[in-house]
2 protein chains.
Amino acid sequence: MRDPAPAPDPSSRSHAGRTEPARVRCSNCGILSRCLPASLNPEQLRVFEESMQRNRLLGAGDHLFRTGDPFHALYAVQSGCLKSYMVDAEGREHVLAFHFVGEIIGVDAIYPERHVSSCVGLAEQNNVCVIPYRTLTRLMQEMPALQAEIMRMMSRYVLTSTAIAGDFSAEERLAAFLVMAAARLRRPGGWSGELNLAMSRQDIANFLRLAPETVSRILARLHKSGLIKADRKRITLVDPEGLGEIAACINPYTRHRP
Amino acid sequence: MRDPAPAPDPSSRSHAGRTEPARVRCSNCGILSRCLPASLNPEQLRVFEESMQRNRLLGAGDHLFRTGDPFHALYAVQSGCLKSYMVDAEGREHVLAFHFVGEIIGVDAIYPERHVSSCVGLAEQNNVCVIPYRTLTRLMQEMPALQAEIMRMMSRYVLTSTAIAGDFSAEERLAAFLVMAAARLRRPGGWSGELNLAMSRQDIANFLRLAPETVSRILARLHKSGLIKADRKRITLVDPEGLGEIAACINPYTRHRP
DNA sequence: CGGAAGATTGACAGTAATCAAACGCTGTGG
DNA sequence: CCACAGCGTTTGATTACTGTCAATCTTCCG
């Protein structure tokens, strides 16, 4: 999330601004291995790059799109962290998903052809690659590897959606959230056990359909149990196994790997 | 669900048996307009048909697949109704989805390459078309219309998953469930307002993360309010508008249509 | 007809929400 | 450099929605 961005394009260093950064070269991107075009060969990768629009750089609170916006493109998170949310008729906010580095945003808008949720940046800098949908579908025709990756990606999306949707206790859901976040933030290189969450307690609560007070209380309880260390947004998984046991029910990420 | 099956293949009348029915011809199928190959031209349709395996005919309680089974194919519901569910470590059953006529089963297994849920028939007869995944991905390459339909289908899957997952009251979720079921069961031809649910109260409860008693109570309450008539599995939506108001929050099906 | 399974209704309990207040960062301005 | 405002977080007390336990009723088959 707010970790040192993995080999960002130099031009994106024109930070602070909505001044559009230059188009990113996937071949130089530090997160290529975890992104959509991971399995493309060099020539395909070049074609894929060519079809991307300029990246968008969002500060904390900047919107990528809002409910009702027409759907034109999917987005890949190059750095940062974003949340998709809806506000219902009663004014309650529902967080549908958090989007970490390497993940794809916007699949829920394909069918309705416009965005049903809003998407906002959480980290201080959020760099997203813009993948025009029309182009993407064309490329899928030519690149079986890309098509396969997209199908996997959407399948994974369904898995994660159904995971938290289940009938689990507050503690189980929060534990699962932490384990999932850890799995999704983990770099191939290894991992210290320390999370740096970009989202607020309120966001976590709205995602897990809990009150923010409940999130605090459970985090405190897990802390006292010695399973985690919770200091504001810096959360350390002291006993991942123990956490995983609590979250045993859920967690597609730990259960099934191809 | 248990409605008169829409123009089923004559051979499927060899009911009662697991004796495999002959391959169904999509071009003759009564639900073609609501199914995956809806937008294919006649020639493409012929090719699509050729690549299908024999249909599977399931009685109530028969399993289509179980957790852990290797993933080879997606399934399209030609008639009947099925549920996907998981049993967690504590032995609780979680219903992930109900599958109505025209809907696709198995997308959550694409990523893990084996089934993470079990799928079982609910109606007395459930006829599902078997679409080998390997073949499907090949056909997608050649048929843009098929590819587009699959992307829409998976997007819709994400939408419905996130709908019920939200933080809504028991009444809101149940109302939304009824409205969604009505929308998904509605024939193009029109509709009386009467539902014939194939699933038990327990199934509904496990899907909506409620106790079966709560489902009963809320149905009774909605009945007294004059919004529905609930007689066992036969539920009539007397005041769909009123129901829709309660479910205002959720319901991708009523909200966004392309 | 009788038994079993599912559905309904009632009484009570528990988890998590709500209301309320205090605490601790963070950033600003004196 | 420190004071203070503002916001998010934490903690406590109480409420309420929904779950659990239990009994009854209905339907469906054997």
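In the text below, chain A, chain B and the rest are named by the order of the sequence lines, each starting its count at 1. Just so it is clear, the model here is predicted, and its values are computed rather than measured.
One atom, CG of B:N206, and another, P of C:dG6, lie 12 Å apart when rounded to the nearest Å. Distance A:R92 CZ to C:dA17 C1': 13 Å, rounded to the nearest Å. One interatomic measurement links the two molecules: CG of B:D167 to P of D:dT18, which rounds to 10 Å at whole-angstrom precision. The CD1-P distance, from A:I218 to C:dA16, rounds to 6 Å in whole Å. A:E90 has its CD atom 13 Å from the P atom of C:dT18, to the nearest Å. Between the P atom of D:dG19 and the CG atom of B:L208 lies a distance of 10 Å, rounded to the nearest Å. Atom-to-atom, CZ of B:F168 to P of D:dT18 comes out at 13 Å; the value is rounded to the nearest Å. The interatomic distance linking B:R234 (CZ) with D:dT26 (C1') rounds to 17 Å, in whole Å.
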Please enumerate all protein N or O atoms sitting under 3.5 Å from an N or O of nucleotides 6-10 of chain D, with distances to 0.1 Å.
residue : atom : partner : partner atom : Å
D:dT9   : OP1  : A:R201  : N            : 3.1
D:dT9   : O4'  : A:R232  : NH1          : 3.1
D:dT10  : OP1  : A:R201  : NH2          : 3.2
D:dT10  : OP2  : A:R201  : NE           : 2.7
D:dT10  : OP2  : A:S216  : OG           : 2.3
D:dT10  : O5'  : A:S216  : OG           : 3.3

A:R173 vs A:R209, side chain to side chain contact (heavy atoms under 4.5 Å, CB included): CA-CA, chis, key distance, verdict: CA-CA 9 Å; A:R173 272 176 284 159; A:R209 49 172 191 276; 3.0 Å; yes
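Here A:T214 does not reach the OP1 or OP2 of C:dA16: none of its side-chain N or O atoms lies under 4.0 Å away.
Residues meeting the side chain to side chain donor-acceptor pair (under 3.5 Å) test with A:R232, sequence neighbours left out: none.
B:S118 and B:T67 form a side-chain donor-acceptor contact under 3.5 Å, judged by distance and modelled atom types alone.
Distance CG/B:N55 to CG/B:N127: 4.5 Å, rounded to 0.5 Å.
Using a 4.0 Å heavy-atom criterion, one finds that A:R173 contacts no nucleic acid atom at all. Heavy atoms of A:A211 sit under 4.0 angstrom from at least one base atom.
One finds no salt bridge joining A:E171 and A:R217 here, because no Lys/Arg side-chain nitrogen approaches an Asp/Glu carboxylate oxygen to under 4.0 Å. Of the charged side-chain nitrogens involved, at least one lies within less than 4.0 Å of a carboxylate oxygen, so that A:E172 and B:R92 count as a salt-bridged pair.
Across the helix from C:dC1-D:dG30 to C:dG30-D:dC1, the helix axis at one end is tilted relative to the axis at the other end by 30° (nearest 10 degrees, each axis from five pairs).
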